[in-house]
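Structure record follows, encoded as structure tokens.
Here the structure is a predicted model, which means the values were calculated and not measured. Numbers here are sequence positions counted from 1.
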Amino acid sequence: VPEDVRPGNPYGLLVYCHGDGGGDYKWFFEGNAEIASKHKLIGMTVFSPNNGEAWYGDDKHTQFLDELLQNEILKKYNIDKTRIYFAGASGGSEFLSGMFVPSFGKNYLGGSVHMCGGFAPYSDDFNPGQEFRSGFKLYYYAQTGDFLYEGAKKASEFYKEKGFDVRAYFPSGGSHCGFDLSEVLSKAMEELVNP
């Protein structure tokens, strides 16, 4: 947390959700924290509550992340609530796109970055309001050779049809997360924070 976070000098927040197994849990801090600080965001990475096994597949995980942010992080730090961003890779992006954003995204203005993965909402009763649609941007990046490409493409189309500002990039070839995630996250944040 930057030393100058105080009333009168609010920071936004960038929350990273790791892929299955949690191997990339520390990845954000090992070279990507400057992406957050460049945009005056506090960088944060969260370990899934099942010992890093996977974020998606359990509705309790969506509630866990929302409660962690609402009851601890937003109360502890001077967070600009209009500048809260999420990012995930692989299973983390599936969780954000398919579960967290449709369930609790309306509580946050900013957006989310989905790298090498993404799903349309798991639930059929997703009816976002105008403030949510206009204040929350989505960014998808997956190569066509990624086994999660189809899910990411369908998710981007779904959110676009619902009226969200969606940026989607699907370069040909490649493999699952077979690109420089730091470079993509950096470009994504440039587009979402400084459109």
Quick one: does Phe158's side chain get under 4.5 Å of Phe119's, heavy atoms only?
-> no
Could you tell me whether the side chain of Ser93 reaches within less than 4.5 Å of the side chain of Met115, counting heavy atoms only?
-> no
Partners meeting ring-ring contact (aromatic ring centres under 6.0 Å, His included) with Tyr140 (sequence neighbours left out) = His114
side-chain hydrogen bond (donor to acceptor under 3.5 Å, both in side chains) evaluation trace for His18 with Thr45 | CA-CA 8 Å; His18 61 75; Thr45 183; over 6 Å; no
Pair Lys40-Asn9, side-chain donor/acceptor within less than 3.5 Å = yes
Can you find a heavy atom in the side chain of Ser156 that is under 4.5 Å from one in the side chain of Tyr169?
-> no
Rounded to the nearest 0.5 Å, how far apart are CZ of Phe132 and CG of Leu109?
-> 9.0 Å
Worked verdict on Gln63 versus Glu67 for side-chain contact (heavy atoms from CB on, under 4.5 Å) | CA-CA 6 Å; Gln63 187 174 353; Glu67 288 177 357; 2.8 Å; yes
Could you give me the CA-CA distance, side-chain angles and deciding distance for Leu65 and Phe95, then say whether side-chain contact (heavy atoms from CB on, under 4.5 Å) is met?
-> CA-CA 11 Å; Leu65 183 56; Phe95 164 74; 3.9 Å; yes
Identify which one of Lys137, Arg133, Glu191 satisfies the side chain to side chain contact (heavy atoms under 4.5 Å, CB included) criterion when paired with Asp165.
-> Lys137
Rounded distance (nearest 0.5 Å) linking atom CZ of Phe47 with atom OH of Tyr16 = 12.5 Å
Please say which of Phe104, Tyr139, Phe100, Trp55 ends up in a ring-ring contact (aromatic ring centres under 6.0 Å, His included) with Phe86.
-> Phe100
If we only count heavy atoms from C-beta on, is the Leu69 to Ile79 side-chain gap below 4.5 Å?
-> no
Consider only side-chain heavy atoms of I, L, V, M, F, W and Y, link residues closer than 4.5 Å, and tell whether Ile73 and Leu96 are in one cluster.
-> yes
Looking only at non-hydrogen atoms, find the nearest pair between Ala54 and Asp20 and report the distance.
-> CB-OD1, 3.6 Å
Which of Lys154, Lys153, Lys160 passes side chain to side chain donor-acceptor pair (under 3.5 Å) with Glu157? It is Lys153
Check whether any side-chain N or O of Asp146 sits under 3.5 Å from a backbone N or O of Gly117 as a donor-acceptor pair, and report yes or no.
-> no
Would you please test Ile84 and Leu74 for side-chain contact (heavy atoms from CB on, under 4.5 Å) and show each step?
-> CA-CA 10 Å; Ile84 298 177; Leu74 297 184; 3.9 Å; yes
Nearest non-hydrogen partners of Cys116 and Ala89, listed with the distance = SG-CB, 4.1 Å
In Å and rounded to the nearest 0.5 Å, what is the CG to NE2 distance from Leu148 to His176?
-> 5.0 Å
Name the one of Pro171, Cys177, Ser172 that satisfies side chain to side chain contact (heavy atoms under 4.5 Å, CB included) with Gln143?
-> Pro171
Gap between atom CZ of Phe136 and atom CG of Asn107 - 0.5 Å precision | 10.5 Å
Please tell me if the side chains of Tyr77 and Tyr11 come closer than 4.5 Å, counting only heavy atoms from C-beta onward.
-> no
Min side-chain heavy-atom separation His39-Glu190 under 4.5 Å = yes
State, yes or no, whether a side-chain contact exists between Met189 and Leu41 at a heavy-atom distance under 4.5 Å.
-> yes
Minimal non-hydrogen separation, Asn32 against Ser182, with atom names | OD1-OG, 2.6 Å
Asn50 side chain vs Glu53 backbone, donor-acceptor pair below 3.5 Å | yes
Under the side-chain contact (heavy atoms from CB on, under 4.5 Å) rule, what do Tyr141 and Val113 come out as? Steps first, then yes or no, please.
-> CA-CA 8 Å; Tyr141 188 99; Val113 178; over 6 Å; no
Hey, does the side chain of Asp80 reach the backbone of Pro10 with a donor-acceptor pair shorter than 3.5 angstrom?
-> no
Kindly say whether Glu183 contributes a backbone atom to a donor-acceptor pair with the side chain of Ser186 at under 3.5 angstrom?
-> no
Heavy-atom side-chain proximity of Ser97 to Tyr159 below 4.5 angstrom = yes
Return yes when atom CD of Gln130 has more than 12 non-hydrogen atoms of other residues, nucleotides or ligands closer than 6.0 Å, and no otherwise.
-> yes
Quick one: does Lys162's side chain have a donor or acceptor within less than 3.5 Å of a partner on Phe126's backbone?
-> yes
CZ of Phe170 to OG1 of Thr144, rounded to nearest 0.5 Å, is 10.5 Å
Return the minimal non-hydrogen interatomic distance between Val46 and Phe64, and the atom names on each side.
-> CG1-CE2, 3.9 Å
Where is the tightest heavy-atom contact between Leu192 and Ser112, given as atom of each residue plus distance?
-> CD1-O, 4.0 Å
